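Take a look at the structure set out below.
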Amino acid sequence: MTEKLQAIRGMHDTLPDDAIKWQLLEQTIKSTLQSYCYREIRTPILEKTELFSRSIGEATDIVNKEMYTFPDRNGDFLTLRPEGTAGCVRALLQHGLINAGPQRVWYHGPMFRHERPQKGRLRQFHQAGAEAFGIQSAEIDAEMILMCARIWNKLGIKDVQLQLNSLGSYASRQKYRGILVDYLSAHKDQLDEDSINRLTTNPLRILDSKNPEMQALLQSAPPLLDSIDSESADHFATLRALLNSNGLDYEINPRLVRGLDYYNRTVFEWTTDKLGAQGTLCAGGRYDDLVEQVGGKATPGVGFAMGLERILEMTGFSNAELGLNSPQIYQVLVGDAALDNGIKLAERLRDKMPTLRILMHCGGGSFRSQFKKADKSQADYALILGEEEVAKNTVNIKPLRKDAEQYEIHQDDLLDEITNLLQPIQGQTGL
RNA sequence: GUGAGUGUAGCUCAGCGGUAGAGCGCCGGAUUGUGGUUCCGGUGGUCGUGGGUUCGAUCCCCAUCACUCACCCCA
């Protein structure tokens with residue numbers, strides 16, 4: 001007997017009941033970002049491995065042990081993208097848009113990381129993100145954060161906190177790296193195994209260790225914010241002032257360090273305690289050196305990425321919204337003449353009402369059995385066509401979700417009637 | 001990559017060393033062309049997979065795959 005095929009570990013199917021939620025979520029994000037005049041960009045899921053190792057950083061866990069990398073038929077090494085920023089930068093650079101003035105773009109789609117799956121962490125997961133290139137000043141950092149806040153608002157997500165930090169310039173970060181390594185080396189006997197390894201590879205990451213002993217040790221470490229350069233400090237102050245004047249709550253977290261090497265200056269993270277160990281809903285920051293690293297001329301950048309699976313866990317949708325997955329009208333068709341009449345009638349309705357969701361009953365059966373299916377379909381109305389109606393060129397309309405009588409109208413009046421009936425029902429705008 | 005837990009019908013789960021059950025769902029029916037409630041009947045699983053122990057395994061052991069949670073990592 002052949003083995004049952006199943007999806008790859010950590011890669012999930014999205015079935016229709018869930019897919020509608022994804023559509024609603026994606027629609028909300030898309031409309032919000034577009035209201036800030038961010039334009040969508042789509043890049044390939046597969047890139048040369050080098051793009052990621054150069055941008056994300058050789059010393060990061062993502063590049064070291066989490067990428068899906070394999071040789072192409074010609075020997076090139078390819079990688080399934082673990083994040084979206086690198087591909088955006090590559091594409092904008094390749095097509096000359098980086099030098100064509102400031103660019104605001106957004107993307108969404110699947111990302112891949114070979115990690116042990118758990119709640120809020122899959123091997124194929126989905127992110128939506130925004131990036132802005134060519135803008136140095138802190139207004140754009142503030143805009144990024146405000147966009148996120150607006151998305152939480154639209155989705156009805158309440159339990160999120162904004163954490164903020166500044167890493168300073170590349171140079172000041174290098175300087176602080178030295179200071180931190182000196183401090184930690186002096187206390188090497190107190191470091192855990194992870195931290196000892198990171199001392200040489202990526203010492204800043206020790207700052208956000210979850211180990212309480214490490215956190216205690218770091219209490220008295222020289223603070224990162226004390227060593228950042230004055231320009232970065234000014235930039236950070238401007239950002240904070242803008243957030244304050246827009247009434248946004250945030251917490252300065254001096255230990256906030258991102259796992260990707262390309263960040264400098266502003267870093268931020270939206271977190272929740274409702275999701276267990278994977279509480280980061282969205283994270284981002286500034287990456288002023290990234291474009292240069294990937295081979296362009298120095299161009300500042302800021303961006304964020306949000307984890308859509310995690311956001312979906314935080315979101316509830318109304319019955320009206322979820323109802324977009326079920327028909328508005330169920331066509332009850334009994335007899336060959338009714339079938340022929342009904343299919344043509346439905347096509348004419350769709351010509352005039354492109355968003356109408358009308359489900360044609362297939363496979364015959366008694367009125368009784370067809371009504372049972374109409375009910376189960378969650379449709380609002382049954383549109384009934386039997387031999388009698390066909391002969392008279394009429395249809396019967398039966399409301400299924402409210403206490404009202406069935407009535408008969410001429411087929412010529414059907415379009416107007418349906419327009420009236422469905423007007424009050426929300427969700428007519430297509431997704 | 002490390003640790004722990006789980007895997008029985010489409011779903012939620014019960015069960016037992018002698019080859020399985022409930023509820024829900026699904027299909028059909030309760031005389032003429034009408035759903036939701038009710039009643040009746042039916043469909044449904046080689047007990048995740050492979051091996052071992054045993055006269056015999058869904059149950060015990062090992063391996064493997066998947067899921068869940070935590071570490072880790074990060075969105």
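The chains referred to below are lettered A, B, ... by the order of the sequence lines, with proteins before strands, and numbering in each begins at 1. Computed from a predicted model, the values in this text were never measured in an experiment.
- Across every strand in view, B:rU54 sits unpaired, with no contact that passes the Watson-Crick or G-U test at under 3.5 angstrom.
- The pairing partner recorded for B:rU46 is none, the criterion being a Watson-Crick or G-U wobble arrangement whose two distances lie under 3.5 angstrom.
- The base of B:rC74 is paired with the side chain of A:Arg310 by a donor and an acceptor separated by under 3.5 Å.
- Put simply, CZ on A:Phe304 is 13 Å from P on B:rA75, counting in whole angstrom units.
- The NE2 atom of A:His235 sits 4.0 Å away from the CG atom of A:Asp141 when rounded to the nearest 0.5 Å.
- Rounded to whole Å, the distance from CD on A:Gln118 to C1' on B:rU6 is 16 Å.
- Both geometric conditions, a ring-centre gap below 5.5 Å and a plane tilt below 30°, are not fulfilled together for A:Phe371 over the base of B:rG35.
- Here the separation of B:rU53 from B:rA63, taken at their C1' atoms, is 15 Å to the nearest Å.
- Judged by Watson-Crick or G-U wobble contacts below 3.5 Å, the nucleotide B:rA30 has B:rU38 as its partner.
- Here the separation of B:rC55 from B:rC71, taken at their C1' atoms, is 47 Å to the nearest Å.
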Step by step, work out the salt bridge (Lys or Arg N to Asp or Glu O under 4.0 Å) result for A:Glu26 and A:Lys30.
CA-CA 6 Å; A:Glu26 286 161 2; A:Lys30 173 182 173 176; over 6 Å; no

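- In this structure, A:Gln370 reaches neither bases nor backbone, as no heavy-atom distance under 4.0 Å exists between it and the strands shown.
- One finds no salt bridge joining A:Glu321 and A:Lys21 here, because no Lys/Arg side-chain nitrogen approaches an Asp/Glu carboxylate oxygen to under 4.0 Å.
- The residue among A:Gly279 and A:Ser366 whose nearest nucleotide of RNA chain B lies closer to the 5′ end is A:Ser366.
- For the pair A:Gln278 (side chain) and A:Lys119 (backbone), a donor-acceptor distance under 3.5 Å is absent.
- We find that CD of A:Glu115 is positioned 14 Å from P of B:rU68, with the value rounded to whole Å.
- When the C1' atom is compared between B:rG15 and B:rG45, the two are found 14 Å apart, to the nearest whole Å.
- Rounded to a whole Å, the NZ atom of A:Lys65 is 12 Å from the C1' atom of B:rC71.
- Base pairing analysis places B:rG3 opposite B:rC69; the two distances defining the Watson-Crick or G-U wobble pair are each below 3.5 Å.
- Separating the P atom of B:rC47 from that of B:rC60 is a span of 15 Å, rounded to the nearest Å.
- At B:rG33, none of the side-chain N or O atoms of A:Arg368 fall inside 4.0 Å of OP1 or OP2 (strictly under the cut-off).
- The gap from the C1' atom of B:rU19 to that of B:rU46 amounts to 9 Å, rounded to the nearest Å.
- Residue A:Arg258 places at least one side-chain N or O closer than 4.0 Å to OP1 or OP2 of B:rA75.
- Applying the 4.0 Å criterion to OP1 and OP2 of B:rC71, one finds that A:Lys210 has a side-chain N or O inside that range.
- Distance CD (A:Glu83) to P (B:rC74): 12 Å, rounded to an integer number of Å.
- Following rounding to the nearest Å, A:Arg123 (CZ) and B:rC67 (P) show an atom-to-atom distance of 8 Å.
- Separating the CD atom of A:Gln161 from the C1' atom of B:rA75 is a distance of 16 Å, rounded to the nearest angstrom.
- Between the CZ atom of A:Phe268 and the P atom of B:rC74 there is a distance of 17 Å, rounded to whole Å.
- As the counterpart of B:rA14, no nucleotide is assigned, since no Watson-Crick or G-U wobble pattern has both distances under 3.5 Å.
- B:rC13 and B:rU32 have their C1' atoms separated by 44 Å, with the value rounded to a whole Å.
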